[in-house]
Amino acid sequence: MGQTLPKPALRPFLPEDVPLLAAIFTASIEELTGEDYSEAQQQAWMELAEGEEFGKHLAADLTLIATIEGSPVGFASLRGNDHIRMLYVHPAVAGYGIATMLVDALEKLAGGRGVQSLTVDASDNAQGFFAKRGYVAMQRNSITVNDEWLANTTMKKTLGAAQ
């Protein structure tokens with residue numbers, strides 16, 4: 001990580017972003033989750049980006065796009081006012097603070113809406129990231145995605161504390 005990236009920026013989701021965000025979603029799963037999920041689990045998870053529902057979820061949620069020089073490199077979405085539904089960063093920029101910038105923004109938006117706490121169903125590989133931000137594990141979940149079982153953990157953070 002000796003090289004520095006140009007300064008990232010945030011912008012709102014646009015419908016034309018769906019194909020690029022689907023590519024970020026699949027690349028992130030394929031390259032960053034192999035230690036925690038089997039190939040079959042990863043494949044089932046990645047298939048969620050193939051249908052129209054993917055774009056509909058992004059549009060229904062408050063979705064923010066992280067860009068570098070105008071190109072999307074990550075995204076995060078807030079469902080309702082209090083649940084982080086998605087957080088995905090392209091593997092080429094993983095570890096450069098893109099996820100931190102996205103979650104910082106969602107936490108500020110939620111706090112500005114009067115929300116007391118945020119939850120997230122964190123994948124196994126994302127738990128450490130959220131734990132460092134003050135999210136506490138509440139329960140372990142097993143969900144079925146395209147006939148594969150995937151585990152995640154519901155985590156919660158009280159806003160206003162250690163922000």
Side-chain angles (χ1 to χ4, degrees), residues 1-39 41-51 53-79 82-111 118-137 141 143 145 150-157 159 163:
M1 279 201 232
Q3 112 187 45
T4 58
L5 293 174
K7 185 166 174 55
L10 290 177
R11 66 168 175 79
F13 165 78
L14 301 169
E16 56 267 25
D17 291 325
V18 172
L20 268 174
L21 301 188
I24 291 168
F25 179 85
T26 56
S28 176
I29 293 165
E30 188 171 38
E31 296 185 38
L32 301 176
T33 68
E35 290 183 19
D36 298 301
Y37 298 94
S38 70
E39 278 188 45
Q41 288 172 317
Q42 288 176 302
Q43 188 60 42
W45 190 356
M46 289 186 290
E47 287 171 7
L48 293 175
E50 294 174 5
E53 291 300 309
F54 184 75
K56 287 179 183 177
H57 288 306
L58 293 169
D61 295 343
L62 170 66
T63 301
L64 297 178
I65 313 294
T67 63
I68 293 179
E69 296 181 336
S71 296
V73 294
F75 65 98
S77 65
L78 188 66
R79 163 115 331 148
D82 62 357
H83 184 74
I84 297 173
R85 185 161 190 279
M86 290 194 220
L87 173 64
Y88 293 90
V89 173
H90 193 280
V93 296
Y96 284 97
I98 303 298
T100 296
M101 181 178 72
L102 285 161
V103 175
D104 280 350
L106 290 182
E107 289 176 358
K108 285 180 181 139
L109 285 166
L118 274 179
T119 60
V120 63
D121 293 329
S123 63
D124 289 352
N125 57 299
Q127 277 186 59
F129 169 81
F130 284 104
K132 286 178 190 169
R133 298 186 59 82
Y135 287 76
V136 177
N141 309 301
I143 58 169
V145 177
L150 280 79
N152 66 33
T153 302
T154 300
M155 302 179 80
K156 183 176 182 178
K157 177 179 181 177
L159 297 180
Q163 252 193 349

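Along the sequence shown, residues carry numbers from 1. These values consider heavy atoms only, across backbone and side chains, with no hydrogens, waters or symmetry-generated copies.
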Any side-chain heavy-atom pair from P72 and L21 closer than 4.5 angstrom? yes
Test of understanding: with ring-ring contact (aromatic ring centres under 6.0 Å, His included), list the residues that count as partners of F54, not counting sequence neighbours. F25
What pairs with D82 under salt bridge (Lys or Arg N to Asp or Glu O under 4.0 Å), at least two apart in sequence or on another chain? none
Judged by atom type as modelled, is there a donor-acceptor pair below 3.5 Å linking the side chain of Y88 to the main-chain atoms of A99? no
More than 12 foreign heavy atoms under 6.0 Å from CD of E16: is that the case here? yes
Got K157 and E107 here, is their nearest side-chain heavy-atom distance under 4.5 Å? yes
Just to verify, which of D36, T33, T26 counts as forming a side-chain hydrogen bond (donor to acceptor under 3.5 Å, both in side chains) with Q42? T33
Is there side-chain contact between D61 and L78, with heavy atoms separated by less than 4.5 Å? no
Measuring only between side-chain heavy atoms, which start at C-beta, is I84 closer than 4.5 Å to T119? no
Can you find a heavy atom in the side chain of L62 that is under 4.5 Å from one in the side chain of L109? yes
Min side-chain heavy-atom separation P8-M101 under 4.5 Å: yes
Please report the C-alpha distance between L87 and F75 in whole Å, then the side-chain angles of each, then the deciding distance to 0.1 Å, and finally whether the side chain to side chain contact (heavy atoms under 4.5 Å, CB included) criterion is met. CA-CA 6 Å; L87 173 64; F75 65 98; over 6 Å; no
Nearest heavy-atom contact between L10 and A105 is CD1-CB, 3.5 Å
In chain order, what residues pass the side-chain hydrogen bond (donor to acceptor under 3.5 Å, both in side chains) check against E50, with sequence neighbours excluded? none
Report the residues that fulfil ring-ring contact (aromatic ring centres under 6.0 Å, His included) with F129, sequence neighbours left out, ordered by chain and then residue number. none
side-chain hydrogen bond (donor to acceptor under 3.5 Å, both in side chains) partners for T63, two or more places apart: none
Salt-bridge criterion met for R11 and D17 (N-O under 4.0 Å): yes
Partners meeting salt bridge (Lys or Arg N to Asp or Glu O under 4.0 Å) with E53 (sequence neighbours left out): K56
Tell me, do V145 and I143 make a side-chain contact under 4.5 Å, heavy atoms counted? yes
If the threshold is 4.0 Å, N to carboxylate O, is there a salt bridge linking R133 and D104? yes
Could you tell me whether the side chains of N141 and N152 share a donor-acceptor contact shorter than 3.5 Å? yes
How about L150 and Q41: do any of their side-chain heavy atoms sit closer than 4.5 Å? yes
